[in-house]
K.L.:
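Sending over a structure as structure tokens; questions will come in a sec.
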2 protein chains.
Amino acid sequence: MRRGKPNDPGRRARILQATLEVIRDGGIEAASYRGVAAHAGVPLGSMTYYFPTLEGLIVSALDTTRSDLEPRYAAPLREARTLADVVDALVEATIGATSPTLDDIRLYEDIRHHGARNPEIADVLQAVEDDALVMLHRVVPNNTALAINALLWGWWSHRLAHPDTALDELIVRQAFEALVTLPAPGHPFHEQEQNHA
Amino acid sequence: MRRGKPNDPGRRARILQATLEVIRDGGIEAASYRGVAAHAGVPLGSMTYYFPTLEGLIVSALDTTRSDLEPRYAAPLREARTLADVVDALVEATIGATSPTLDDIRLYEDIRHHGARNPEIADVLQAVEDDALVMLHRVVPNNTALAINALLWGWWSHRLAHPDTALDELIVRQAFEALVTLPAPGHPFHEQEQNHA
DNA sequence: ACCAAATGTGTACACTTGTACATATTAGTG
DNA sequence: CACTAATATGTACAAGTGTACACATTTGGT
């Protein structure tokens with residue numbers, strides 16, 4: 001008998017990666033079996049062998065993005081000690097070094113877009129967003145985390161809609177500062193913050 | 001000769017409306033000549049007669065949404081007298097009576113999504129957003145308007161991603177209040193606001 | 001009534017899509 | 001070396017697409 005060792009190990013992974021690349025620069029609707037096959041350099045049959053249904057392939061590919069988000073966006077937040085650190089991390093995530101490229105934002109928007117009508121992808125989406133919220137919740141009250149998350153997404157979305165106009169760092173910072181210090185009785189930092197930064 | 005009077009006047013408009021309806025509950029990719037034709041009760045030939053290219057039809061249909069946005073969202077803002085009024089209008093636009101339904105939000109997201117890769121639709125998008133910004137700019141400094149716009153879109157987007165969880169009005173209000181009162185030297189309201197509301 | 005031009009419509013074509021499936025190739029076990 | 005099952009692949013098909021276009025119908029002016 002034969003135990004399941006693939007003839008070309010890593011082919012599955014290569015297909016997934018190729019799928020994401022195709023989606024990244026053509027949108028989800030550009031992800032066809034044949035297109036991805038060509039891009040990955042595998043025959044059509046390989047596609048349907050590893051991923052019997054196209055929807056499954058797409059969901060799997062999108063799911064791999066979850067791990068990309070963590071180091072970029074969540075990690076700096078985790079290390080924030082003061083509210084000023086939190087604001088710094090948020091500004092960075094919006095327009096700074098750890099912020100997503102326009103292609104990435106487009107990708108996220110693709111996921112959101114598709115998730116609005118496809119339950120499986122909605123799950124991926126919810127998971128990503130929950131990760132972010134949990135992270136934020138460590139340094140800020142629950143509802144505030146919601147607002148911050150909304151604003152962050154709004155800024156990203158704005159960048160995508162206005163690719164040529166750079167966002168002014170000052171306003172981004174001020175906006176996050178305003179949200180971070182929203183009234184919230186009995187939460188960490190909030191009482192002795194003034195003398196920290 | 002004949003001067004151009006259609007045999008069935010209003011057919012063009014009916015096609016546009018049907019297109020928007022199809023898009024509204026199936027997404028842009030659901031808008032096919034045949035599908036819309038069936039929905040509008042016109043033969044396929046009529047479609048290509050009035051709209052020789054599908055892309056043109058879609059752009060035209062999406063363009064009609066611009067006029068819908070004005071009374072809903074912009075009008076209440078125009079009548080705002082104090083900053084408190086502005087906040088009220090924004091809260092209403094986010095989760096209140098003048099706020100878009102989930103279907104509408106999905107539609108906006110469709111437009112944004114498609115606009116990210118299609119220049120013609122990007123124009124429509126930019127126009128809509130500029131309208132909103134101009135309106136906001138009447139009551140709030142320029143950069144602040146950007147932030148508010150971003151947050152508003154973020155809230156809408158959040159609603160779409162979490163259809164079952166209602167947003168808490170208090171946090172929405174507080175968040176907008178925080179942004180609206182951002183430091184902005186020499187702008188209307190800002191000096192004597194405290195005693196207004 | 002006649003005609004030209006605008007409006008309206010059915011059919012056909014070339015193309016792409018997801019997916020099924022018969023067939024070929026490989027790898028490990030006995 | 002066989003034998004079997006997993007892995008790999010090319011082809012075929014039905015369904016759907018945008019669009020072109022020949023044809024029919026209506027309209028208004030003469």
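So you know, we letter chains A, B, ... as the sequences are listed, proteins then strands, and number each from 1.
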K.L.:
B:Asp131 side chain to B:Val128 main-chain N or O, any donor-acceptor pair under 3.5 Å?
P.N.:
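No: the side chain of B:Asp131 does not pair with the backbone of B:Val128.
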K.L.:
Output, in order, the C-alpha distance, side-chain angles, deciding distance and verdict of salt bridge (Lys or Arg N to Asp or Glu O under 4.0 Å) for B:Glu129 and B:Arg112.
P.N.:
CA-CA 10 Å; B:Glu129 185 156 333; B:Arg112 280 191 106 98; 3.7 Å; yes
K.L.:
Taking 4.0 Å as the cut-off, does a side-chain nitrogen or oxygen of A:Tyr49 come that near to OP1 or OP2 on C:dC21?
P.N.:
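No.
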K.L.:
I want to verify a distance call: between C:dT7, D:dT7, D:dT9, whose nearest atom is closest to the A:Pro43 side chain?
P.N.:
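Of the options given, the side chain of A:Pro43 lies nearest D:dT9.
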K.L.:
Mind calculating the distance between CZ (B:Arg11) and C1' (D:dT25) to the nearest angstrom?
P.N.:
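Computing the B:Arg11:CZ to D:dT25:C1' distance gives 12 Å.
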K.L.:
Is B:Ser46 close enough to C:dT9 that one of its side-chain N or O atoms is under 4.0 Å from OP1 or OP2 there?
P.N.:
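Yes, such a contact exists.
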K.L.:
Taking only heavy atoms on the protein side, list every residue of residues 20-29 of chain B lying under 4.0 Å from any atom of DNA chain C, sorted numerically.
P.N.:
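None, since no heavy atom is under 4.0 Å.
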K.L.:
Could you tell me how far apart A:Met47 (CE) and C:dC21 (C1') are, to the nearest whole angstrom?
P.N.:
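Taking CE of A:Met47 and C1' of C:dC21, I get 18 Å after rounding.
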K.L.:
Can you list, pair by pair, the side-chain donor-acceptor contacts under 3.5 Å of residues 58-65 of chain A, counting residues two or more places apart and other chains?
P.N.:
| unit_1 | atom_1 | unit_2 | atom_2 | d |
| --- | --- | --- | --- | --- |
| A:Ser60 | OG | A:Gly56 | O | 2.9 |
| A:Thr64 | OG1 | A:Ala61 | O | 2.5 |
| A:Thr65 | OG1 | A:Leu62 | O | 2.6 |

K.L.:
Check the orientation of B:His113 and A:His113. Use parallel for under 30°, tilted for 30 to 60°, and perpendicular for over 60°.
P.N.:
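Parallel.
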K.L.:
Is there a donor-acceptor pair under 3.5 Å between the side chain of B:Tyr33 and the backbone N or O of B:Thr53?
P.N.:
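Yes; at least one donor-acceptor contact below 3.5 Å.
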K.L.:
Taking B:Val140's backbone N and O only, do any of them form a donor-acceptor pair with B:His137's side chain (distance below 3.5 Å, no angle check)?
P.N.:
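Yes: the side chain of B:His137 pairs with the backbone of B:Val140.
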K.L.:
Which hydrophobic side chains are connected to B:Leu170, either touching it within the sub-4.5 Å cutoff or through other members that do?
P.N.:
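Members alongside B:Leu170: none; it stands by itself.
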K.L.:
Could you check whether any side-chain N or O of A:Arg159 sits under 3.5 Å from a backbone N or O of A:Thr94, counting only pairs where one atom can act as donor and the other as acceptor?
P.N.:
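Yes: the side chain of A:Arg159 pairs with the backbone of A:Thr94.
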K.L.:
Rounded to the nearest Å, what distance is computed from the CG atom of residue B:Leu57 to the C1' atom of nucleotide D:dT17?
P.N.:
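In whole Å, D:dT17 C1' lies 15 Å from B:Leu57 CG.
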K.L.:
Compute the bend angle of the helix from C:dA1-D:dT30 to C:dG30-D:dC1 from the end axes (five pairs per end), rounded to 10°.
P.N.:
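Terminal axis comparison yields 10°.
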K.L.:
For the residue pair A:His158 and A:Trp155, categorise the inter-ring angle as parallel (less than 30°), tilted (30 to 60°) or perpendicular (more than 60°).
P.N.:
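Taking A:Trp155 first and then A:His158, their aromatic rings stand perpendicular (interplane angle over 60°).
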K.L.:
Determine which pairs satisfy side-chain hydrogen bond (donor to acceptor under 3.5 Å, both in side chains) with at least one residue from residues 37-50 of chain A, sequence neighbours left out, and list them in order.
P.N.:
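Every pair satisfying side-chain hydrogen bond (donor to acceptor under 3.5 Å, both in side chains) with a residue in residues 37-50 of chain A: A:Arg11-A:Ser46, A:Glu21-A:His39.
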K.L.:
Using a 4.0 Å heavy-atom cut-off to protein, can you give one letter per nucleotide of nucleotides 18-23 of chain D, 5' to 3': B if the base is in contact, S if only the sugar-phosphate is, - if neither?
P.N.:
BB----
K.L.:
Would a distance-only check, ignoring hydrogens and angles, find a side-chain to backbone donor-acceptor pair under 3.5 Å from B:Ser157 to B:Trp153?
P.N.:
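Side chain of B:Ser157 to backbone of B:Trp153, a donor-acceptor pair under 3.5 Å: no, none is there.
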